[in-house]
Q: 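Below is the structure I would like to discuss, written out as structure tokens.
For clarity, every value in this text was computed on a predicted model and none was experimentally measured. Per chain, numbering begins at 1; letters A, B, ... match sequence-line order.
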2 protein chains.
Amino acid sequence: MAYSKVYLAGPDVFLPDSIEIGQRKKQLCAAYGFQGLYPFDNEISPGSTDGAIDRLIYRANVAMIQEADFGIVNLTPFRGPSADVGTVFEMGMLVGQGKPVFGYTNDPADMLSRLRRIAPVTFDRASGVWHDASGMVIENLGNADNLMITSALLEGGQPIVQHNARPEERFHDLAGFEQCLRIAAQVLAGREALRA
Amino acid sequence: MAYSKVYLAGPDVFLPDSIEIGQRKKQLCAAYGFQGLYPFDNEISPGSTDGAIDRLIYRANVAMIQEADFGIVNLTPFRGPSADVGTVFEMGMLVGQGKPVFGYTNDPADMLSRLRRIAPVTFDRASGVWHDASGMVIENLGNADNLMITSALLEGGQPIVQHNARPEERFHDLAGFEQCLRIAAQVLAGREALRA
């Protein structure tokens, strides 16, 4: 089996220019010999409050995930210190199905730093544990996000790509994405060679 | 096959009293004839900055997910308008493996309302689309969270349980959790009867 089709998960679908960013991503995929599957066409139904549209989009995205040979996920923080939950759900599906996943974030800060930016954090000397502003424990392991996310990538053999994008370019800078493509091309070619 | 073991995903593991809440959840599971698998024992390593501990926790949690027959996920908003990403990753794995998942949130508000609480949102009349404070498009479908999450539950046959917990009880109120157990007991008994 050749690794050809790559599912492109990310909060990119929520950008006002999501179509353009999807086209740029698919062009980059093609340059590395892959076919990018970008969920945008299914994702947004402006102004609709029809209860059925969301399930149709879900089914279309899941069908794309089934069709994909692997995934590249944009884990840039979205509406908080962590990645977009829609992206993370899709990443979980890919990993659960045993498909290779490569990921990047355009904010290289770790979880403690990300939370500090939002609100004061506190250190409890007795237990040696950091707490966020609501008293919840902070995973202080130096990771860019929740350990289930960063470790899933590590277990797959490649750590999360941490790219320091300029804040105003956080959702348009594709250097981290292209780095994932470079890694994927190398890693997956190696796997194919082993199978051949 | 009998549905017996249930994986208990949620931000509960970040509570200072996470052990106690896990015990309460496992007791409730037992009352409904299920065995609760609670990831806490693997989740927290206070003060550790050892790069290996996260991968050991990841593997232990994934092993629990593999062992589980189904899942109950706590989708209460965590550090933002959406569910905890660790929980959502695990939910994606369960769904990707075809296991039934039931979910609840202790904040019944929809995404537009949740985002409004955090920062001003704007409505673009020309396109009929809502935007958050950073200009990203808001899925205004009346759902409690990203459509991949709510639709995954609907496709499984049961909508997300939306419980209006008091704010100070948001991470300790187990009424929504118990409602999931009630639904799971009924739905899964029905499936077993069909198979028998």
Side-chain angles (χ1 to χ4, degrees), chain A residues 11 13-16 18 44-51 53-55 57-59 61-62 65 78-86 88-97 115 118 127-129 131-132 134-143 145-152 154-155 171, chain B residues 11 13-16 18 44-51 53-55 57-59 61-62 65 78-86 88-97 115 118 127-129 131-132 134-143 145-152 154-155 171:
Chain A
V13 292
F14 299 116
L15 286 167
S18 56
I44 310 283
S45 174
S48 171
T49 52
D50 178 347
I53 188 73
D54 49 353
R55 293 176 74 171
I57 295 170
Y58 174 83
R59 288 176 200 164
N61 289 357
V62 168
I65 290 167
F78 182 69
R79 295 177 178 160
S82 283
D84 164 49
V85 289
V88 172
F89 177 85
E90 294 170 344
M91 179 187 178
M93 283 198 77
L94 289 159
V95 172
Q97 295 180 356
L115 286 167
I118 297 169
S127 60
V129 172
H131 294 266
D132 69 15
S134 62
M136 301 293 264
V137 171
I138 299 171
E139 273 180 10
N140 182 29
L141 299 166
N143 292 325
D145 210 322
N146 185 290
L147 72 83
M148 293 305 290
I149 293 173
T150 53
S151 296
L154 278 171
E155 291 290 301
F171 289 104
Chain B
V13 293
F14 299 116
L15 285 167
S18 57
I44 311 283
S45 174
S48 171
T49 52
D50 179 346
I53 188 72
D54 49 354
R55 294 176 74 169
I57 295 170
Y58 173 83
R59 289 176 198 164
N61 289 356
V62 168
I65 289 168
F78 182 68
R79 295 175 178 161
S82 283
D84 164 50
V85 289
V88 172
F89 177 85
E90 294 171 343
M91 179 185 178
M93 284 199 75
L94 289 159
V95 172
Q97 296 181 356
L115 286 167
I118 297 169
S127 60
V129 172
H131 294 265
D132 69 15
S134 63
M136 302 292 264
V137 170
I138 300 172
E139 272 181 10
N140 182 29
L141 299 167
N143 292 325
D145 211 322
N146 184 290
L147 71 82
M148 294 304 291
I149 294 173
T150 53
S151 295
L154 278 171
E155 292 289 301
F171 289 103

Q: May I ask you to test the B/F78-B/F171 pair for a side-chain heavy-atom distance under 4.5 Å?
A: yes

Q: Give the minimum heavy-atom separation between B/M148 and A/Y58, together with the two atoms involved.
A: O-CE1, 3.4 Å

Q: Tell me which of these, B/I149, B/V62, B/I65, B/D132, has more heavy-atom pairs under 4.5 Å with chain A than the rest.
A: B/D132

Q: Relative to chain B, which of A/M91, A/H131, A/Q97, A/R79 shows the most heavy atom pairs under 4.5 Å?
A: A/R79

Q: Restricting to non-hydrogen atoms, name the atom on B/G135 and the atom on A/P16 that form the minimum distance, rounded to 0.1 Å.
A: O-CG, 3.3 Å

Q: Any side-chain heavy-atom pair from A/V85 and B/V85 closer than 4.5 angstrom?
A: yes

Q: So which residue, B/L94, B/V95, B/T150, B/D145, ends up with the most heavy-atom pairs under 4.5 Å with chain A?
A: B/V95

Q: How far apart are the closest heavy atoms of A/R55 and B/L154, and which atoms are they?
A: NH2-O, 3.4 Å

Q: Sort B/I118 into side chain, backbone, both or neither according to what part of it lies under 4.5 angstrom from a heavy atom of chain A.
A: neither

Q: Among A/L115, A/V88, A/I138, which residue forms the greatest number of heavy-atom pairs with chain B at distances under 4.5 Å?
A: A/V88

